[in-house]
2 protein chains.
Amino acid sequence: MVGKSRKEAMAETRQKLLAAGRKAFGTIGYAASSMDDFTAEAGLTRGALYHHFGDKEGLLRAVVEEIDSEMSERLLAISMKAPSRWQGLVDEWIAYIEMALEPEIQRIMFRDAPAVLGDPSQWPSANACIMALKTNLDAAKTEGQLIDVDTEVAARLINGASSHAATWIASADDPEATSKRAVAGFRLLLESLRKPDHGGTA
Amino acid sequence: MVGKSRKEAMAETRQKLLAAGRKAFGTIGYAASSMDDFTAEAGLTRGALYHHFGDKEGLLRAVVEEIDSEMSERLLAISMKAPSRWQGLVDEWIAYIEMALEPEIQRIMFRDAPAVLGDPSQWPSANACIMALKTNLDAAKTEGQLIDVDTEVAARLINGASSHAATWIASADDPEATSKRAVAGFRLLLESLRKPDHGGTA
DNA sequence: GGATTGACATACGAGATGTATGCCAATATC
DNA sequence: GATATTGGCATACATCTCGTATGTCAATCC
């Protein structure tokens, strides 16, 4: 327990706070999460939180960064597994919608964080997962599979459509049925961005 | 000052509170708006607010309903003025993006209210303006100008794309340029929903 | 091995919300 | 027309949360 014990302990408390905050924010929401409560749950106090993250918003930023990086990793893994570029692109977007249905992601990334931190496109993480999606669009364009669109604009429009769709699905009376409708419409939308000469459905 | 003076006075204070809340929410945001402050600005106290709206959230709901109805009215007026159904549909959506750029609408309808009240599609107002847009899609579909899509899904996807685009534009370094890019991409998206046999650009 | 740093806890003050209570004018009743 | 009553709104109070200032003790450094 000597040598790096100081740094290790610090990293551990930081991680504990991050996890406690993430759990609280992801369940009861940012506004309703009392710093006293969830730090105590982690066996710590607000003192530690202010030391590591500056304030409540700072902790949220750290949580967002963590989740964002997890999301982009998952997306990358999915598009890499696909048999073709276009298929990978479609898979990735469908996966994005599905991820957006997860309560923690829904609540933190799509509901609370935009309200507290402002427009996601301005976050320091610069929305890693949006950029991952744009990258794939760029590749498809280079390969001539995509109609002539501004890929950043397309990525943002599709992202907006996806996240709203996910929110809609998540709060629908019948999420299963709603999801099917949304995904079908979404595939149609993606297909409309494909160059006709590549015919055939993804 | 007799007769209906009681009811009139009440309606007046209600309106004052609504206006004061709307102004505060629309500028500094919901969370940072102190009820003591903005009620005082209206020459009232929180007592009146609790009497009329139950709580802070209740006032926000009322504000949202007011704005939502104003928005759908404006949209309707725009689509009615257009020379053709399809043109009206396009005009309406472009107008929707432009409205979404207005700071008050941006802040209240797209940033704060979803965080506080949850998914807009579940709001009591049922998002009047979204429904107005869906109605137009339905009409275009009936007239055979629209490809075979689920119009509610389409309305929600396009709505998601629009509102995100607006948020992106509003917080961009160069809103003018960003707006041009976004609107161009958006037109392309709408055009892709049009039945090919109707050729020609909107 | 003592000085110092710094990770974290504790103590305190400043709002903000929600509720309970009180007051006064407008309406209803006789 | 005078009294009773309702209810719109203000005032007072309790509670909770955040942020800062301060304290403490162990780990690191010389």
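Chain A is the first sequence line, chain B the second, and so forth, proteins listed ahead of strands; every chain is numbered from 1.
There is no side-chain donor-acceptor pair under 3.5 Å between A:D119 and B:T167.
Atom pair B:E8:CD and C:dA26:C1' shows a separation of 13 Å (rounding to whole Å applied). Straight-line distance from the CG atom of B:D55 to the C1' atom of D:dT15: 17 Å, rounded to whole Å. One can place CE of B:M10 at 21 Å from P of C:dC24, the figure rounded to the nearest angstrom. Regarding B:K56, its NZ atom lies at a distance of 15 Å from the P atom of C:dT19, rounded to whole Å. Rounded to an integer number of Å, the gap from NE2 of B:H52 to P of D:dG7 is 13 Å. Per the geometry, CZ belonging to A:F53 stands 15 Å off P belonging to D:dC18, to the nearest Å.
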Checklist entry - Going through the checks in order, is the salt bridge (charged side-chain N to carboxylate O under 4.0 Å, His left out) test met by B:E70 and B:R22? => result CA-CA 13 Å; B:E70 285 175 14; B:R22 178 171 174 167; 2.9 Å; yes
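When atom types are taken as modelled, the side chain of A:W123 and the backbone of A:G118 share a donor-acceptor pair closer than 3.5 angstrom.
Look at B:E152 and B:K141 and you find no salt bridge, because none of the NZ, NE, NH1 or NH2 atoms lies under 4.0 Å from a carboxylate O. Under the 4.0 Å criterion applied to side-chain N and carboxylate O atoms, A:E102 and A:R74 are assigned as salt-bridge partners.
Shown for residues 21-39 of chain A: residues whose heavy atoms fall under 4.0 angstrom of DNA chain D, namely A:S33, A:S34, A:M35. For the segment residues 44-51 of chain A, residues with any heavy atom less than 4.0 angstrom from an atom of DNA chain D are, sorted by number, A:R46, A:Y50.
The stretch residues 27-36 of chain B participates, sequence neighbours left out, in these side-chain hydrogen bond (donor to acceptor under 3.5 Å, both in side chains) pairs: B:D36-B:R46.
Contact of the B:R187 side chain with the B:E191 side chain is not registered, since no non-hydrogen atoms from C-beta on lie closer than 4.5 Å.
Applying the 6.0 Å contact sphere to CG of A:D174 captures more than 12 heavy atoms from other residues, nucleotides or ligands.
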